[in-house]
Amino acid sequence: MIRHEEIQRPLARSVLALIHRGITLHPSPEDAASVIKGTRVGVLVTALNALVYAVAAAGSGNSAFIALWLAVIFALSVTLVRMSAKASRRQITRVSSKGARRLVLTSVLLAAPWAALPLHVVAFHGAGDAMIVLLVCTGMLSGGAFMLHRAFVAAIGYMLTILIAIIFSFQFGDWDMAWPVTTYGILYGGYLAYFAYTAGETARQRDASVAALSEAVAGLQEARDENHRLATLDFLTGLPNRKAFSDELQAAAIRQKERGEPFTLLLVDLDRFKNVNDLYGHGVGDELLAEMARRLRQSLEREDVIGRIGGDEFAVILMGVSDTDVIRARIGRILKELNRPAPLAGRIIHAGASIGAVICPDDGLDPTDLLLKGDLALNRAKEAGRGRWMQFGAHLQRRAIEDDSIEEGLRTALAARSLHVLYQPQIALADGLLIGAEALVRWPPGTGLAPSPERFLAVASERGLLPALSRQIAEMVAGDIETWRRQGLSPVKIALNLHPDDLKSPELLIETIDMFEARDITGRHLTMEITEDCLVGRGKDGAATVLDVLVERGYDLSFDDFGTGQASLSHLRKVPVREIKIDRSFVWGLTDQREDRAIVAAIAEIARGMGLRSVAEGVETDVQRRILTDLGIDAAQGFLWSRPISAARLATMFGLSQRSACAG
């Protein structure tokens, strides 16, 4: 059975702990700020109460005490107002022990005049009505508890000063009222103390909740800002990414429409970034991108916008710039910075950049259209030799319109299968016999367009039509080989050109090889011609592997346009070619250019030393043929023997060549 004393002990301990916490509770900065904020109103009410009482007691015959009492209250009120005004102008970050004691002392001083009033009227029987004094002092008790509820010790000091004075006064005054006033004072004072404590705790809990909520909101805001930063910032360079730059470009276009503010869009592409990655690794490539981004940022004005929109491609908005001379000067400054060698990872990297420029509104208003035109200008700048810039203009506009027409005609021709293949014979220089032919695609006649193969192949590559075009050419060559078989001819090897885009989609190329082999057309019938562009540039990382697969399946590789690239000799070590084709530009200068003859002689020597066949392109005169023969070139093709001809005419040459061989 639980005894009564066992219940009382925990209750008593709880009460004592509560009292101890209340007495030892140090006011927080928020507590002090609350008291300071309520001081002005509290002091005003105090002064008004004092004034009302003084007016009411004016005829009681105690003018000297009332005047002195009122003067003390007014002096305290003015002092406290000044102190609160001064404190409110400061940011309270902490409340020292000295400050807490000063707050208690100030509260006792504010209560002292109201403690003096019952002592004078009741205890010392001065003039005045004891009940009015009791009522006024009770009101001041309540007001003080409200004002000081967040500073519990100060509130207790304020209330005790008045309560003790009231209880003490009635002990010496009216004995009949002493015990009820004492009881009332203890109960009412205890209630006010409880109210002050609980109200203060509630306020502090609210502060904690508000602080926690503010911290949570700040955390969410920080998380949102971080997510936004990650979503719009390029991690490597610290620049806005493609999405963020597109938003800036859209905003610039809107400002142009609404306010007439022009701007110039620049597309910047590093010239030899792929080579840097291949030679030094992606780590150095990343360092180069970061360095180029830093240089770009430094070469721009503060209001300009810059972003990284692709692997090694940047975009810039020159705000308020539309004058050609200004554009030229600004781009010249940019190119000067970007074309400087970059010391990275203990090496000197020569990257450089090309730039395409387009002006808004002169060249267009739609952001997508501006980007397309800027890209077109950038491509033309690269074609012109890299390390330079080109502004979109009427000539490029015409070029774009022509490309659109070529694309439309090419789509129509592919759908109608109206493209055709011609063959340029290849002749052995030693005996003049036909040993092969190069398959060349030609635009269908009678369409109103007559683009060169180089032109419409470039358009096909840019517009994504190259895979379909390559497959159709392969099917036409396969059909011609099957036709020659049915005619009882033994066709020579056909050289089929591989476009760089073919190696970007190796699965499509292997499907084409499978198509050939399904028709019993193998490496005995076909040679695959490649250029250096098949091995360098974007998307060519796996080109060598694909070419190795072709060689394993029995197809010879011929290196076309040899000597015109930047690294042809190094590719001979990496790719298992069986044949070198000497570019026509060297053949044309054989008769009068000693340098060209020396180059051809060197290529012939390289071919012999590596056990490769050598084939010269563009032979047009017998003098060229004799020089090539003397230099030891194995075979040649050109107008000296034949222009590109149809499959039927090539079949006739097969027959003549085979009969000549038999007769020989």
Visitor: Check Gln472 against Leu414 and note the closest heavy-atom contact, atom names and distance.
Guide: NE2-O, 3.2 Å
Visitor: Can you list the residues that meet the side-chain hydrogen bond (donor to acceptor under 3.5 Å, both in side chains) rule with Asn497, with sequence neighbours excluded?
Guide: Glu438
Visitor: Could you give all pairs that pass the ring-ring contact (aromatic ring centres under 6.0 Å, His included) test and reach residues 445-469, with sequence neighbours left out?
Guide: Trp443-Phe456
Visitor: I'd like to know if the side chain of Asp363 and the backbone of Ile359 have a donor-acceptor N/O pair within less than 3.5 Å.
Guide: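 It does hold such a pair.
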Visitor: For the side chain of Gln624 and the backbone of Glu620, is there at least one donor-acceptor N/O pair under 3.5 Å apart?
Guide: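 Indeed, once roles are kept as given, a pair shorter than 3.5 Å links the two residues.
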Visitor: Closest approach of Ala342 and Leu288, non-hydrogen atoms and distance?
Guide: CB-CD1, 4.2 Å
Visitor: Report the distance from atom CG of Leu509 to atom CZ of Arg471, rounding to the nearest 0.5 Å.
Guide: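 Taking CG in Leu509 and CZ in Arg471, the distance rounds to 10.5 Å.
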Visitor: Between atom CG of Leu376 and atom CG of Leu267, what is the distance when rounded to the nearest 0.5 Å?
Guide: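 CG of Leu267 is found 10.5 Å from CG of Leu376.
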Visitor: Can you check side chain to side chain contact (heavy atoms under 4.5 Å, CB included) on Leu550 and Leu498, steps first, answer last?
Guide: CA-CA 12 Å; Leu550 294 181; Leu498 294 183; 3.9 Å; yes
Visitor: Keeping Asn339 on the side-chain end and Ala353 on the backbone end, is there a donor-acceptor pair under 3.5 Å?
Guide: yes
Visitor: For residues 457-469, which side-chain N or O atoms pair as donor and acceptor with protein atoms under 3.5 Å away, sequence neighbours left out?
Guide:
| unit_1 | atom_1 | unit_2 | atom_2 | d |
| --- | --- | --- | --- | --- |
| Ser461 | OG | Asp501 | OD2 | 2.5 |
| Arg463 | NH1 | Asp404 | OD1 | 2.9 |
| Arg463 | NH1 | Glu407 | OE1 | 2.5 |
| Arg463 | NH2 | Asp404 | OD1 | 3.3 |

Visitor: Could you note down all residue pairs passing salt bridge (Lys or Arg N to Asp or Glu O under 4.0 Å) where residues 414-424 supplies at least one of them, sequence neighbours left out?
Guide: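 Of all non-adjacent pairs touching residues 414-424, those that pass salt bridge (Lys or Arg N to Asp or Glu O under 4.0 Å) are Arg417-Glu475.
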Visitor: For the residue pair Gln593 and Arg597, confirm or rule out a side-chain donor-acceptor distance under 3.5 Å.
Guide: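 Side chains of Gln593 and Arg597: no pair found under 3.5 Å.
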Visitor: With a cut-off of 3.5 Å and sequence neighbours excluded, list every side-chain donor-acceptor pair involving residues 321-333.
Guide:
| unit_1 | atom_1 | unit_2 | atom_2 | d |
| --- | --- | --- | --- | --- |
| Asp323 | OD2 | Asp325 | N | 3.1 |
| Asp323 | OD2 | Val326 | N | 3.2 |
| Asp325 | OD1 | Arg328 | NH1 | 3.0 |
| Arg330 | NH2 | Asp304 | OD2 | 2.2 |
| Arg333 | NE | Ser299 | O | 3.3 |
| Arg333 | NH2 | Ser299 | O | 3.1 |
| Arg333 | NH2 | Glu301 | OE2 | 3.3 |

Visitor: Give a yes or no answer on whether the side chain of Asp247 reaches the backbone of Ala244 with a donor-acceptor pair at less than 3.5 Å.
Guide: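 It does not hold such a pair.
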Visitor: Passes side chain to side chain contact (heavy atoms under 4.5 Å, CB included), Asp502 versus Val546? Steps please.
Guide: CA-CA 10 Å; Asp502 293 326; Val546 177; over 6 Å; no
Visitor: Applying the side chain to side chain contact (heavy atoms under 4.5 Å, CB included) test to Ile633, which of Ile582, Val619, Ile580 qualifies?
Guide: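 Testing each of Ile582, Val619, Ile580 against Ile633, the sole residue satisfying side chain to side chain contact (heavy atoms under 4.5 Å, CB included) is Ile582.
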Visitor: Once you round to the nearest 0.5 Å, how far does CZ of Arg388 lie from CG of Asp271?
Guide: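 CG of Asp271 is found 10.0 Å from CZ of Arg388.
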Visitor: Side chain to side chain contact (heavy atoms under 4.5 Å, CB included) for Phe263 and Leu249? Distances and angles first, verdict last.
Guide: CA-CA 10 Å; Phe263 64 87; Leu249 182 59; 3.7 Å; yes
Visitor: For residues 253-261, tabulate all N or O donor-acceptor pairs below 3.5 Å that involve a side-chain atom, not counting sequence neighbours.
Guide:
none

Visitor: Indicate the atoms forming the closest heavy-atom contact of Ser354 with Gly387, along with that distance.
Guide: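 That closest heavy-atom pairing would be OG-N, 3.2 Å.
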Visitor: Could you tell me which residues satisfy salt bridge (charged side-chain N to carboxylate O under 4.0 Å, His left out) with Glu402, sequence neighbours excluded, listed by chain and number?
Guide: Arg455
Visitor: With rounding to the nearest 0.5 Å, note down the distance linking CD1 in Ile334 to CE in Met292.
Guide: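 Between atom CD1 of Ile334 and atom CE of Met292 there are 13.0 Å.
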Visitor: Please name all residues satisfying salt bridge (charged side-chain N to carboxylate O under 4.0 Å, His left out) with Asp592, sequence neighbours left out, ordered by chain then number.
Guide: none
Visitor: Return yes if some donor-acceptor pair links the side-chain N/O of Arg643 with the main-chain N/O of Ile645 below 3.5 Å, else return no.
Guide: no
Visitor: My understanding is that only residues two or more places apart in sequence, or in another chain, count here; which of them pass salt bridge (charged side-chain N to carboxylate O under 4.0 Å, His left out) with Arg295?
Guide: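 Expected list: Glu291.
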Visitor: Please report the shortest heavy-atom distance between Pro453 and Arg442, naming the atom on each side.
Guide: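 Minimum heavy-atom separation between Pro453 and Arg442: CG-NH1, 3.2 Å.
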Visitor: I'd like to check the ring pair (Phe, Tyr, Trp, His ring centres under 6.0 Å) partners of Tyr423; sequence neighbours left out, ordered by chain and number.
Guide: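 If we apply the ring pair (Phe, Tyr, Trp, His ring centres under 6.0 Å) test to Tyr423, skipping adjacent residues, the hits are Trp484.
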Visitor: Sequence neighbours left out, what passes salt bridge (charged side-chain N to carboxylate O under 4.0 Å, His left out) with Asp362? Give chain and number order.
Guide: none
Visitor: To the nearest 0.5 angstrom, please state how far the NZ atom of Lys243 sits from the CD atom of Glu248.
Guide: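 It comes to 11.0 Å.
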Visitor: Give a yes or no on whether the backbone of Gly618 and the side-chain of Trp588 come within a donor-acceptor separation of less than 3.5 Å.
Guide: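 Here the side-chain-to-backbone pair exists.
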Visitor: Leu270 versus Val276: any side-chain heavy-atom pair under 4.5 Å?
Guide: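 Counting from C-beta outward, Leu270 and Val276 never come under 4.5 Å.
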Visitor: Working note: Leu289 + Phe273, criterion side chain to side chain contact (heavy atoms under 4.5 Å, CB included); need CA distance, chi angles, decisive distance, verdict.
Guide: CA-CA 9 Å; Leu289 287 173; Phe273 182 69; 3.6 Å; yes
Visitor: May I ask you to decide if Gly364's main-chain N or O and Lys373's side chain share a donor-acceptor pair within less than 3.5 Å?
Guide: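 Here the side-chain-to-backbone pair does not exist.
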Visitor: Can you confirm whether the side chains of Thr527 and Asp556 place a donor and an acceptor under 3.5 Å from each other?
Guide: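 No, because no side-chain N or O of Thr527 sits under 3.5 Å from a partner of the opposite role on Asp556.
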Visitor: Report yes if some heavy atom in the side chain of Leu318 is under 4.5 Å from a heavy atom in the side chain of Leu300; otherwise report no.
Guide: yes
Visitor: To the nearest 0.5 Å, what is the distance between CD (Glu529) and CG (Asp560)?
Guide: 4.5 Å
Visitor: How close do Ala293 and Thr237 get, counting heavy atoms only, and between which atoms?
Guide: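 For Ala293 versus Thr237, the nearest heavy atoms are CB-CB, 3.7 Å.
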Visitor: Where do Ile599 and Phe586 come nearest, in terms of heavy atoms and distance?
Guide: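 Nearest heavy atoms, Ile599 then Phe586: CD1-CE2, 3.7 Å.
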Visitor: For Thr264, which residues count as a side-chain hydrogen bond (donor to acceptor under 3.5 Å, both in side chains) partner, sequence neighbours excluded?
Guide: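 Expected list: none.
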Visitor: Using side-chain heavy atoms (C-beta onward) and a distance below 4.5 Å, is Leu266 in contact with Phe314?
Guide: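 No, side chains not in contact.
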